[in-house]
Student: 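Below are the structure tokens for one structure; questions will follow.
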Amino acid sequence: QVQLVESGGGLVQAGGSLRLSCAASGRAFSTYNMGWFRQAPGKEREFVAAITTDGGTTTVGDFAMGRLTISRDNAKNTGYLQMDNLKPEDTAVYYCAAAFKFLGTSAIRQPSTYSYWGQGTQVAVSS
């Protein structure tokens with residue numbers, strides 16, 4: 001199995017930027033696809049972005065296009081979520097997750113696809 005630990009969350013003003021990190025330990029990080037999800041109070045967990053094992057293919061949620069970028073550095077066993085032009089509605093707990101396989105576009109966006117999850121990191125965006 002793989003253990004995931006998110007960091008980099010915090011409080012930022014609208015229009016600002018944050019970079020979240022997902023540090024992996026345990027079995028080889030490079031064998032896992034990874035994704036980011038977020039969950040605001042009272043709302044369901046929402047897909048943010050995903051990236052394949054070698055970083056060759058990425059996808060982001062519609063709300064994140066042009067603002068959020070997912071990347072990974074397998075040599076450092078770390079994934080990243082760069083968040084720019086943040087909005088108050090981006091306020092949520094952000095979770096890193098890992099999956100063995102992506103079976104299709106729809107599966108990539110489903111939490112049930114992912115076997116391993118981090119503890120989450122809080123992002124708060126003030127207006």
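Numbering starts at 1 and runs along the sequence shown. The figures here come from the full heavy-atom set of this structure, side chains too, leaving out hydrogens, waters and symmetry mates. A quick note: this is a predicted structure, and the numbers were derived from the prediction, not measured.
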Student: Do you know which two heavy atoms are closest between Pro111 and Arg109, and how far apart they sit?
Tutor: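 Scanning both residues, the minimum pair turns out to be CD-O, 3.7 Å.
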Student: Quick one: pull up CZ in Arg38 and CD in Glu89 and give me the separation to the nearest 0.5 Å.
Tutor: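 Here the interatomic distance stands at 8.0 Å.
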Student: Apply the test side chain to side chain contact (heavy atoms under 4.5 Å, CB included) to residues Asp54 and Arg72: give CA-CA distance (whole Å), side-chain angles for both, the deciding distance (0.1 Å), then the verdict.
Tutor: CA-CA 8 Å; Asp54 62 357; Arg72 67 192 296 162; over 6 Å; no
Student: Mind checking whether Tyr114 and Phe102 have side chains closer than 4.5 Å, heavy atoms only?
Tutor: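 Yes, side chains in contact.
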Student: To the nearest 0.5 Å, what is the distance between OH on Tyr94 and SG on Cys22?
Tutor: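 Reported to 0.5 Å precision, the distance equals 15.0 Å.
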Student: If you define the side chain from C-beta out and look only at heavy atoms, does anything of Val123 sit under 4.5 Å from Met83?
Tutor: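 Touching, per the 4.5 Å side-chain cut-off.
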Student: Do Thr113 and Lys101 come close enough that some side-chain heavy atom pair is under 4.5 Å?
Tutor: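 Thr113 vs Lys101: side chains apart.
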Student: Are the aromatic rings of Phe100 and Tyr32 close, with centres under 6.0 Å apart?
Tutor: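 Here the rings of Tyr32 and Phe100 have centres that are less than 6.0 Å from each other.
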Student: Rounded to the nearest 0.5 Å, what separation is found between the CZ atom of Phe63 and the CG atom of Leu68?
Tutor: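 These two atoms lie 6.0 Å from each other.
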Student: Looking only at heavy atoms, what is the nearest atom pair of Thr78 and Ala23, with distance?
Tutor: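 Where Thr78 meets Ala23 most closely, the heavy atoms are OG1-CA, 4.3 Å.
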Student: Given 3.5 Å as the limit, does a donor-acceptor pair link the side chain of Thr69 with the main chain of Gln82, or not?
Tutor: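 No: the side chain of Thr69 does not pair with the backbone of Gln82.
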Student: Hydrophobic clusters join Ile, Leu, Val, Met, Phe, Trp and Tyr when side-chain heavy atoms are under 4.5 Å apart, directly or via other members; which others share one with Val60?
Tutor: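 Members besides Val60, by chain and number: Met65.
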Student: Specify the closest pair of heavy atoms between Ser71 and Ile51, including all atoms of both residues, with the distance to one decimal.
Tutor: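 It is CA-CD1, 3.7 Å.
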Student: How close do Ala40 and Ala92 get, heavy atom to heavy atom, and via which atoms?
Tutor: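 That closest heavy-atom pairing would be N-CB, 3.9 Å.
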Student: So, applying side chain to side chain contact (heavy atoms under 4.5 Å, CB included) with Val48, which one of Leu81, Leu20, Thr59 is it?
Tutor: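 Exactly one candidate clears the test, Leu81.
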Student: Would the distance check show the side chain of Asn74 and the main-chain N or O of Thr53 forming a donor-acceptor pair, the cut-off being under 3.5 Å?
Tutor: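 Here the side-chain-to-backbone pair exists.
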Student: For the atom pair CD (Gln1) and OG (Ser25), what is the distance rounded to the nearest 0.5 Å?
Tutor: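 It is 9.0 Å, given to the nearest 0.5 Å.
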Student: So, does Arg67 use its side chain to make a donor-acceptor pair with the main chain of Asn85 at under 3.5 Å?
Tutor: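 Yes; at least one donor-acceptor contact below 3.5 Å.
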Student: Does the side chain of Glu44 reach to within under 4.5 Å of the side chain of Glu46, using non-hydrogen atoms?
Tutor: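 They are not in side-chain contact.
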Student: Are Phe47 and Val93 in one and the same hydrophobic cluster, where Ile, Leu, Val, Met, Phe, Trp and Tyr link if side-chain heavy atoms are under 4.5 Å apart?
Tutor: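 Yes; tracing contacts between hydrophobic side chains, which count when under 4.5 Å, links both residues.
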Student: I'd like a table of donor-acceptor pairs (distance under 3.5 Å, sequence neighbours excluded) in which one partner is a side-chain atom from residues 5-19, with atom names and distances.
Tutor:
| from | atom 1 | to | atom 2 | distance (Å) |
| --- | --- | --- | --- | --- |
| Glu6 | OE1 | Gln119 | N | 2.9 |
| Glu6 | OE1 | Gln119 | NE2 | 3.4 |
| Glu6 | OE1 | Gly120 | N | 2.8 |
| Glu6 | OE2 | Cys96 | N | 2.7 |
| Glu6 | OE2 | Gly120 | N | 3.3 |
| Ser17 | OG | Asp84 | OD1 | 2.8 |

Student: Between Tyr116 and Tyr95, is the ring centroid distance below 6.0 Å?
Tutor: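 No, they do not, as the ring centres are separated by 6.0 Å or more.
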